[in-house]
Asker: 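Here it is, the structure, as structure tokens.
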Amino acid sequence: MLGEASEAEDVVQDVYLRWARSESVDVPEAWLTKVATNLCLNRLTSARARREQYVGPWLPEPVFTADGDFGPLETVEQRDSLALGVLVLLERLTPPERAAFVLREAFDYSHREIAEILDVEESHARQLYRRAREHVGEPRKRFTASVAQRTKIVERFVAATVEGDVEGLERLLAEDVVSWADGGGKATAARRPVSGRADVARLFSGLQRHPRAANATLSIELVNGDPAVVVYESEVLTYLFVPEVADDRIVAVRVIANPDKLAFAVRQRR
């Protein structure tokens with residue numbers, strides 16, 4: 001719902017405090033879902049104003065997902081709802097549209113149940129979901145390749161980047177690939193997206209010449225359900241590169257460098 005793990009933790013805490021103060025709840029699941037959703041709606045509304053002042057591209061907060069910290073994520077829809085690419089698309093939606101989309105897509109709530117949660121008519125809940133689907137688009141074929149297959153592509157991406165192999169990178173990248181970097185004005189990162197196979201290949205092939213590259217170590221781990229490149233400098237997590245793979249090509253690369261955005265992931269690794 002929020003795209004920020006730290007904000008989600010605060011919501012869970014707020015819900016728990018309200019639950020502890022409540023005297024009687026007839027249907028706990030419905031009560032908890034409604035309270036959590038409304039708290040998220042409030043935070044999404046205030047977040048829009050903050051993000052208008054954000055320096056450079058804003059990306060969702062990354063989380064490590066290999067250890068099951070976020071529950072079983074038993075369905076494709078639940079796994080997909082955590083993916084950075086999907087969270088970025090959800091930023092196009094109004095808070096009510098986003099709530100309707102997540103409740104329907106990830107948790108299979110009926111339109112009637114969504115209407116009750118959002119305090120709207122069922123016809124309006126259907127309209128919110130329809131508009132959300134139009135803005136987000138039909139679900140992309142993210143999982144046509146298995147995690148193992150996508151990991152192999154990311155491994156080749158790392159190898160070509162480390163070797164400064166422009167041609168090797170171009171073979172992995174889609175023609176219309178885009179790279180976004182979120183430094184938030186607090187870390188070195190491009191403040192504008194880089195588009196196109198040739199320009200993105202040159203961007204990443206040049207990283208191995210950066211003075212900080214000598215002290216960097218890389219690993220590939222699951223971040224938001226996708227294989228990602230995790231960069232440590234002197235054992236400190238400083239960058240996350242999350243390639244989005246469709247079929248056998250990388251269609252997007254999202255780089256998170258803002259230390260505030262990495263704080264939750266750092267805590268996960270302690």
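These numbers come from the heavy atoms of this one structure, side chains and all, not from hydrogens, waters or symmetry mates.
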Asker: Any side-chain heavy-atom pair from Pro60 and Val88 closer than 4.5 angstrom?
Answerer: yes

Asker: Ignoring hydrogens, what is the shortest heavy-atom contact between Thr65 and Gly225? Give both atom names and the distance.
Answerer: OG1-N, 2.9 Å

Asker: Begin with the C-alpha distance, continue with both residues' side-chain angles, and end with the deciding distance and a verdict on side-chain contact (heavy atoms from CB on, under 4.5 Å) for Lys186 and Asp260.
Answerer: CA-CA 9 Å; Lys186 298 184 178 183; Asp260 294 341; 2.3 Å; yes

Asker: Return the CZ to CG distance between Arg18 and Asn38, rounded to the nearest 0.5 Å.
Answerer: 9.0 Å

Asker: Taking Arg131 first and then Glu97, would you say they form a salt bridge - that is, a charged N and a carboxylate O separated by under 4.0 Å?
Answerer: yes

Asker: Identify the two heavy atoms, one from Ala160 and one from Gly168, that lie closest to each other, and give their separation to 0.1 Å.
Answerer: CB-C, 4.2 Å

Asker: If the threshold is 4.0 Å, N to carboxylate O, is there a salt bridge linking Arg267 and Glu9?
Answerer: yes

Asker: For Leu237 and Val231, run side-chain contact (heavy atoms from CB on, under 4.5 Å): C-alpha distance rounded to whole Å, both residues' side-chain angles, the deciding distance at 0.1 Å, then the answer.
Answerer: CA-CA 6 Å; Leu237 174 59; Val231 181; 5.8 Å; no

Asker: Quick one: do Tyr54 and Leu59 end up in the same hydrophobic cluster if we chain Ile, Leu, Val, Met, Phe, Trp and Tyr together by side-chain heavy atoms under 4.5 Å apart?
Answerer: no

Asker: At what distance, to the nearest 0.5 angstrom, does CD of Glu155 lie from CG of Leu172?
Answerer: 11.5 Å

Asker: CG of Leu89 to NE2 of His135: how many Å apart, nearest 0.5 Å?
Answerer: 12.0 Å

Asker: Quick one: does any side-chain atom of Glu233 pair with a main-chain N or O of Ala216 as donor and acceptor, under 3.5 Å?
Answerer: no

Asker: How close do Asn258 and Gly184 get, heavy atom to heavy atom, and via which atoms?
Answerer: ND2-CA, 3.7 Å

Asker: Taking C-beta and beyond as the side chain, do Glu7 and Phe264 meet within less than 4.5 Å on heavy atoms?
Answerer: no

Asker: Taking NZ, NE, NH1 and NH2 as the nitrogens, is one of them in Asp226 or Arg150 under 4.0 Å from a carboxylate oxygen of the other?
Answerer: yes

Asker: For a 4.5 angstrom cut-off between non-hydrogen side-chain atoms, does Trp180 reach Val255?
Answerer: no

Asker: With a 6.0 Å cut-off (strictly less than), is the heavy-atom count around OH of Tyr16, excluding the residue itself, greater than 12?
Answerer: no

Asker: Side-chain heavy atoms under 4.5 angstrom apart, residues restricted to Ile, Leu, Val, Met, Phe, Trp, Tyr: same cluster for Trp58 and Leu93?
Answerer: no

Asker: Between Lys34 and Glu116 (salt bridge meaning N to carboxylate O under 4.0 Å), is one present in this structure?
Answerer: no

Asker: Quick one: does Phe64's side chain get under 4.5 Å of Leu222's, heavy atoms only?
Answerer: no

Asker: Any donor and acceptor pair, going by atom type alone, linking the side chain of Gln149 with main-chain N or O of Ser146 inside 3.5 Å?
Answerer: yes

Asker: Can you see which heavy atom on Pro96 is nearest to which on Leu118, and at what distance?
Answerer: O-CD1, 4.1 Å

Asker: Hey, is CZ on Arg269 packed in by over 12 heavy atoms from elsewhere, all under 6.0 Å?
Answerer: yes

Asker: Would you say that Val136 contacts Arg92 through its side chain, given a criterion of any heavy-atom pair below 4.5 Å between the two side chains?
Answerer: no

Asker: Quick one: CG on Leu262 to CD1 on Ile256, what's the gap to the nearest 0.5 Å?
Answerer: 7.0 Å

Asker: Are Leu90 and Glu105 side-chain neighbours, meaning at least one heavy-atom pair lies under 4.5 Å?
Answerer: no

Asker: Atom CZ of residue position Arg191 - does it have more than 12 heavy atoms of other residues, nucleotides or ligands inside 6.0 Å?
Answerer: no

Asker: Both conditions, 6.0 Å and 45 degrees, for the charged tip of Arg254 above the ring of Phe241: are they met here?
Answerer: no

Asker: Could you tell me whether a side-chain N or O of Glu61 sits under 3.5 Å from a main-chain N or O of Ser6, the two making a donor and an acceptor?
Answerer: yes

Asker: Is it the case that more than 12 heavy atoms not belonging to Arg212 sit under 6.0 Å from its CZ atom?
Answerer: yes

Asker: So, Tyr232 and Ser219: side-chain donor and acceptor under 3.5 Å apart, yes or no?
Answerer: no

Asker: Are Val102 and Val12 joined in one hydrophobic group, where the rule is that I, L, V, M, F, W and Y side chains link up if heavy atoms are under 4.5 Å apart?
Answerer: no

Asker: Compare all side-chain heavy atoms of Val229 with those of Tyr239 and state whether any distance is below 4.5 angstrom.
Answerer: no

Asker: Could you check whether any side-chain N or O of Asp247 sits under 3.5 Å from a backbone N or O of Arg249, counting only pairs where one atom can act as donor and the other as acceptor?
Answerer: no

Asker: Do Phe157 and Phe204 have their ring centres less than 6.0 Å from each other?
Answerer: yes

Asker: Examine distances only and state if a side-chain atom of Asn224 and a backbone atom of Pro62 form a donor-acceptor pair shorter than 3.5 Å.
Answerer: no

Asker: So how far is it from Arg156 CZ to Leu169 CG, rounded to the nearest 0.5 Å?
Answerer: 10.5 Å

Asker: Using a strict cut-off of less than 4.0 Å between a Lys/Arg side-chain nitrogen and an Asp/Glu carboxylate oxygen, indicate whether Arg43 and Glu4 qualify as a salt bridge.
Answerer: no

Asker: Determine, stepwise, if the pair Val242 / Val253 fulfils side-chain contact (heavy atoms from CB on, under 4.5 Å).
Answerer: CA-CA 6 Å; Val242 188; Val253 184; over 6 Å; no

Asker: Would you name the heavy atoms of Val178 and Pro193 that are closest together and state the gap between them?
Answerer: CG1-CB, 3.9 Å

Asker: Do Trp31 and Leu39 land in one hydrophobic cluster if side-chain heavy atoms of ILVMFWY residues count as linked below 4.5 Å?
Answerer: yes

Asker: Val223, Val266: one ILVMFWY side-chain cluster at the under-4.5 Å cut-off?
Answerer: yes

Asker: If we only count heavy atoms from C-beta on, is the Asp199 to Leu203 side-chain gap below 4.5 Å?
Answerer: no

Asker: Please find the pair of heavy atoms, one from Ala36 and one from Val15, that lie closest to each other, and give the distance.
Answerer: CA-CG2, 3.8 Å

Asker: At what distance, to the nearest 0.5 angstrom, does CD of Gln208 lie from CG of Asp165?
Answerer: 10.0 Å

Asker: Let me see the working for Tyr109 and Arg104 under side-chain contact (heavy atoms from CB on, under 4.5 Å), right down to the final yes or no.
Answerer: CA-CA 5 Å; Tyr109 277 85; Arg104 181 71 174 166; 5.9 Å; no

